[in-house]
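Accompanying notes for the structure given below.
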Amino acid sequence: MDIGIDKIGFYTPNVYVDMEKLAEARGVDPAKYTIGIGQEKMAVAPLHQDAVSMAANAALSILDEEDKQAIDFVLFGTESGVDHSKSGAVWVHQLTGIQKGARSIELKQACYGASAGIKMAMGHIALNPESKVLVLGTDIAKYGLHTGGEPTQGAGAVAILLSQNPRILSLDNDSAALTKDISDFWRPLYSDYAFVDGKFSNQAYLEFLSDVWGIYKEKTNRDLRDFEAMCFHVPYTKMGKKAIMVLTEDADEADTERLMSYYQDSVYYNKQVGNIYTGSLYLSLLSLLEQGKELEAGARIGLFSYGSGAVGEFFSGTLKEGYKSQVRTEAHEALLESRTELSISEYEEILELALPKDGTDIDIDHKEVKEGTIYLAAVKSHIREYVN
Ligand code: CAA
């Protein structure tokens, strides 16, 4: 059965920080952030945008009435969950008007959550060919002010609709995966900020890539020449370049050049948003689909997912004829262009805002919310109140 991505969209909050200005404020050469790390703008989540509202906004941008009736599984991948018990998927299900006979759950394994959702969706559709499955990757990447990870923060969500006979990307059942218990990046329950061993996390990411790529090649007999382009988990865009360098160590010049040229298209959005953890790989795929030239039907795209802690997986898909007419390039460009730049002091204030931890009621300032955007309006009697 042909199963894969039928629709894909993203949402990011409407405020950002300019990376050159952040570098100046931190006494760092701006080229370190824009070239060394590879980021131009960093999305910041105001208090009225959390993992749930961002995912709901991303989903709403792609779903029509027919989809809402056909979706019977909502899979919410995040490491920025808002409740220890209730899944973010339940709110998204309600906020987007998906038919009530669906199941809704949350998945967690650092930046790998949405990829786990895609694997589960493929199995579900194989057993239930008429189903459509909504997979969400939604996160707020937060290391804190004046930390090593500060220039690699961000916020946003990707929504992916999977079905049989997809119109964008057919996914192969060709995965190579790996799990290993390591402490490269994590966020204890008591902390709003992630803990990270930055250099070790880079090294772990690249070792996982090298290992799963080796397993994948053996399993499928495919090699670099079989891939038109590759997309990677992109915590910051330089990481994608490092990934290609690992894969092309002994490669022909032609393979290296081809992968490097598509890499530029595939990180266009990530450069302007920052790390969105579990959605990052799919934001990179979306960037390739929308910002790159139209590729031939059947062209194979490799996908590497990495979730610290850690799980890595390499898998692939082939493009469908006419996929360019199924993506929403203009809407996504407009979303990025309509954002407001924050001063460094405004950014610092927003980043440190948090909901009360003692259960006090709060009304959340949402003066800046654009019409039609879902947001968190209040928390009353320990219950979150979202507004659509
Ligand atoms: N001009 C151009 N380049 C410059 C420069 C300048 N003036 N100054 C420095 N650079 C380059 C450096 O040479 C370096 O390049 P390479 O990585 O190619 O060697 C790059 O800028 C970064 O410099 P440093 O290594 O000195 O930077 P740092 O010590 O501040 O740490 C970081 C960078 C490790 C990415 C840090 O920001 C961090 O910890 N980020 C969070 C962790 C992370 O994103 N890890 C990624 C893998 S884990 C994962 O993928 C899961 C996830 O989402 C978190």
Side-chain angles (χ1 to χ4, degrees), residues 17 19-20 22-40 42-43 51 77-80 108-116 137-158 178-188 191 193-212 231-246 249 260 263 266-267 270-271 273-284 303-314 351:
V17 172
M19 293 304 284
E20 292 196 357
L22 181 62
E24 280 159 21
R26 297 293 176 257
V28 170
D29 179 358
K32 174 174 174 183
Y33 287 3
T34 56
I35 299 165
I37 301 266
Q39 292 302 131
E40 288 169 6
M42 187 168 85
T78 192
E79 52 187 300
S80 319
K108 177 175 70 183
Q109 176 27 54
C111 306
Y112 174 75
S115 300
T138 178
D139 273 304
I140 298 172
K142 237 178 170 181
Y143 296 89
L145 305 175
H146 305 276
T147 59
E150 186 179 23
T152 64
Q153 300 176 120
V158 175
L178 205 60
T179 293
K180 203 169 160 188
D181 178 8
I182 58 169
S183 300
D184 59 333
F185 166 104
W186 66 104
R187 185 165 70 85
S191 179
Y193 300 105
F195 287 70
V196 65
D197 182 342
K199 297 281 185 281
F200 175 49
S201 71
N202 283 349
Q203 187 194 326
Y205 173 115
L206 295 174
E207 278 176 17
F208 265 75
L209 170 63
S210 178
D211 289 352
V212 290
C231 292
F232 305 91
H233 168 54
V234 190
Y236 54 95
T237 70
K238 177 76 161 295
M239 199 73 219
K241 197 180 246 175
K242 288 176 192 276
I244 293 179
M245 281 158 70
V246 162
E249 223 161 27
M260 276 296 180
Y263 153 79
S266 74
V267 296
N270 304 70
K271 268 189 182 164
V273 172
N275 196 356
I276 58 167
Y277 290 158
T278 187
S280 292
L281 165 62
Y282 302 98
L283 184 59
S284 177
L303 298 154
F304 173 62
S305 182
Y306 178 72
S308 289
V311 175
E313 183 157 346
F314 189 94
L351 198 95

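As the structure lists them, so they are numbered: ligands from 1, and atoms in each ligand from 1. Here the structure is a predicted model, which is why all the values come from computation and not from measurement.
- The residues Arg26 and Glu150 are annotated as salt-bridged, a charged nitrogen and a carboxylate oxygen being separated by less than 4.0 angstrom.
- Pairing each heavy atom of Ser305 with each of Tyr112, the nearest pair is OG-CD1, 3.3 Å.
- Close approach of ligand 1 to Gly148 is summarised as follows: ligand atoms under 4.0 Å from at least one heavy atom of the residue are 36 (C), 37 (O), 38 (C).
- Proximity of Lys241 to Met260: side-chain heavy atoms (C-beta onward) are separated by under 4.5 Å at one or more points.
- Among the atoms of Lys32, some N or O lies under 3.5 angstrom from an N or O of ligand 1.
- Pro235 CB, 3.5 Å is the protein heavy atom nearest to atom 44 (O) of ligand 1.
- Here the closest heavy-atom approach between residue Tyr236 and residue Ile37 is recorded as CD1-O, 3.2 Å.
- At a 3.5 angstrom cut-off on N or O pairs, Asn275 counts as close to ligand 1.
- For atom 47 (C) of ligand 1, a protein heavy-atom neighbour is found at a distance under 4.0 Å.
- Shown in contact with Thr152 at under 4.0 Å from a heavy atom are these atoms of ligand 1, numbered in order with element: 37 (O), 40 (N), 41 (C).
- Taking a cut-off of under 4.0 Å to the non-hydrogen atoms of Tyr143, the atoms of ligand 1 that pass are 41 (C), 42 (C), 54 (C).
- Using a 4.0 Å threshold on non-hydrogen atoms, atom 32 (C) of ligand 1 does not count as touching the protein.
- Scanning the protein for heavy atoms near atom 42 (C) of ligand 1, the closest one is Val196 CG2, 3.6 Å.
- Among the atoms of Lys238, some N or O lies under 3.5 angstrom from an N or O of ligand 1.
- Residue-ligand proximity, Lys242 to ligand 1, at heavy-atom distances under 4.0 Å covers atoms 16 (P), 17 (O), 18 (O), 19 (O).
- Of the inter-residue distances, the one linking Leu145 atom CG with Gln153 atom CD reads 7.0 Å to the nearest 0.5 angstrom.
- Atoms OH and SG, from Tyr282 and Cys231 in turn, are 10.0 Å apart once rounded to the nearest 0.5 Å.
- Minimum heavy-atom separation, Val196 to Ser201: CG2-OG, 4.0 Å.
- Interface atoms of ligand 1 facing Phe185, defined by a heavy-atom separation under 4.0 Å, are 54 (C).
- You'll find the side chain of Phe185 stays beyond 4.5 Å of the side chain of Tyr205, heavy atoms only.
- The distance from the NE2 atom of His233 to the CG atom of Asn275 is 5.0 Å, given to the nearest 0.5 Å.
- Nearest-residue assignment for atom 43 (C) of ligand 1 (options Gly309, Ser201, Gly198; heavy-atom criterion): Ser201.
- Annotation: atom 2 (C) of ligand 1 to nearest protein heavy atom, Ala31 O, 3.5 Å.
- Closer than 4.0 Å to atom 13 (O) of ligand 1 lies none of the heavy atoms of the protein.
- At the top of the distance list for atom 11 (C) of ligand 1, counting protein heavy atoms only, stands Gly36 CA, 3.5 Å.
- Atom 29 (O) of ligand 1 has as its closest protein heavy atom Lys199 NZ, 2.8 Å.
- The Ser308 neighbourhood of ligand 1 comprises atoms 48 (S), 49 (C), 51 (C), with distances under 4.0 Å to a heavy atom of that residue.
- Checking Asp184 against Ser308 by side-chain atom types alone, a donor-acceptor pair falls below 3.5 Å.
- When hydrogens are left out, the protein atom nearest atom 7 (N) of ligand 1 is Asp29 OD2, 2.9 Å; that is the closest non-hydrogen contact.
- Polar contact check, Pro151 against ligand 1: no nitrogen or oxygen pair lies under 3.5 Å apart.
- In this structure, CE on Met19 lies 8.5 Å from OG1 on Thr34, to the nearest 0.5 angstrom.
- Annotation for ligand 1: atoms under 4.0 Å from non-hydrogen atoms of Gly149 are 37 (O), 38 (C), 40 (N).
- The CZ atom of Phe195 sits 7.5 Å away from the CH2 atom of Trp186 when rounded to the nearest 0.5 Å.
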